[in-house]
Amino acid sequence: MYERMLNKQAVPSIKEMTECCGENAELFTLLNEWLCNEYTTEQKVVFPYGNKYGWCISHKKKKKLLCNIFAENNSFTVMMRLSDRQYESVYGDLREYTQNQIDNKYPCGDGGWIHYRVTCKEHFDDVKKLLAVKCS
């Protein structure tokens, strides 16, 4: 359903990753452009975590990882880590789907990781709120 680009031998172009996102391709492009333009992130196509995760666009600022954006069939997933305080600062402004992602985060120190699948404009709006907290 949400297949990722898993062939480690074939490095995809950003255009191919965008096409993979299908009906959410425009949101995939908008998010990557927003991160680059608003927060001057360095983006790079990488295969960071092994065969289960596949190819993604990594966004870094001064060598600090901000997020990974994995292209998927008709969607994309943003993987990011925030502190508990960062999550709490926007929690009340987020939709139930997003709050559920935060409630079920993978704990790591003070905070944790979420794998936030974007399948619509509402998810896109919420993931931008989370990334704005992460990047500021």
Would you mind listing every side-chain hydrogen bond (donor to acceptor under 3.5 Å, both in side chains) that reaches into residues 42-52, with sequence neighbours excluded?
Y49-N68
Which residues pass the salt bridge (Lys or Arg N to Asp or Glu O under 4.0 Å) test with K121, sequence neighbours left out?
D125
Would E72 and S75 count as a side chain to side chain donor-acceptor pair (under 3.5 Å) if you check the C-alpha gap in whole Å, the side-chain angles of each, and the deciding distance to 0.1 Å?
CA-CA 5 Å; E72 299 174 336; S75 69; 2.9 Å; yes
Do the side chain of E38 and the main chain of L35 share a donor and acceptor less than 3.5 angstrom apart?
no
For N74 and T119: C-alpha separation, side-chain torsions, deciding distance, then whether side-chain contact (heavy atoms from CB on, under 4.5 Å) applies.
CA-CA 7 Å; N74 288 319; T119 60; over 6 Å; no
Once side-chain contact (heavy atoms from CB on, under 4.5 Å) is applied, do any residues pair with K60, and if so which ones, sequence neighbours excluded?
S58, L65
Side-chain donor/acceptor of D126 to backbone N/O of T98, under 3.5 Å:
no
Are M5 and M17 packed together at the side-chain level, in the sense that at least one heavy-atom pair is separated by less than 4.5 angstrom?
yes
Determine the minimum heavy-atom distance between A10 and W55, stating which atoms define it.
O-NE1, 3.5 Å
Step by step, work out the side-chain contact (heavy atoms from CB on, under 4.5 Å) result for I114 and L82.
CA-CA 8 Å; I114 60 170; L82 278 76; 5.8 Å; no
Dump the intermediate steps for side-chain contact (heavy atoms from CB on, under 4.5 Å) on D84 and K105, then the final yes or no.
CA-CA 10 Å; D84 287 332; K105 67 186 176 288; 3.3 Å; yes
Between E33 and L30 (side chain of the first, backbone of the second, donor and acceptor by atom type, cut-off under 3.5 Å), is there such a pair?
no
Across all chains, not counting sequence neighbours, the salt bridge (Lys or Arg N to Asp or Glu O under 4.0 Å) partners of K128 are none
May I ask you to test the Y39-L131 pair for a side-chain heavy-atom distance under 4.5 Å?
no
How far does SG of C120 sit from CD of E122, to the nearest 0.5 angstrom?
4.5 Å
Kindly give the heavy-atom pair with the smallest separation between F76 and N24, and that separation in Å.
CE2-O, 3.8 Å
Closest non-hydrogen contact found for K61 with L66 is CB-CD1, 3.9 Å
Looking at Y116 and M80, would you say the former's side chain and the latter's main chain have a donor-acceptor pair under 3.5 Å?
no
Heavy atoms of G112 and Y87 approach each other most closely as O-OH, 2.8 Å
Does Y106 have more than 12 heavy atoms from other residues, nucleotides or ligands lying within 6.0 Å of its OH?
no
Judged by atom type as modelled, is there a donor-acceptor pair below 3.5 Å linking the side chain of R4 to the main-chain atoms of Y53?
yes
Could you walk me through whether I69 and T77 pass side-chain contact (heavy atoms from CB on, under 4.5 Å), step by step?
CA-CA 6 Å; I69 305 174; T77 292; over 6 Å; no
Is D110 paired with R81 through a side-chain N to carboxylate O contact shorter than 4.0 Å?
no
Set of salt bridge (Lys or Arg N to Asp or Glu O under 4.0 Å) partners for D93, sequence neighbours left out:
none
dist E23:CD -> N73:CG (nearest 0.5 Å) comes out at 8.5 Å
Less than 3.5 Å apart, any donor N or O on the side chain of T29 or E26 sitting next to an acceptor on the other?
no
With sequence neighbours excluded, residues passing side-chain contact (heavy atoms from CB on, under 4.5 Å) with D103:
Y91
So CD of E16 and SG of C21: to nearest 0.5 Å the spacing works out to 12.0 Å
Check A25 against T18 and note the closest heavy-atom contact, atom names and distance.
CB-O, 3.2 Å
What are the two closest heavy atoms between H115 and Q101, and how far apart are they?
O-OE1, 3.1 Å
For F47 together with F70, are the ring centres under 6.0 Å from each other?
no
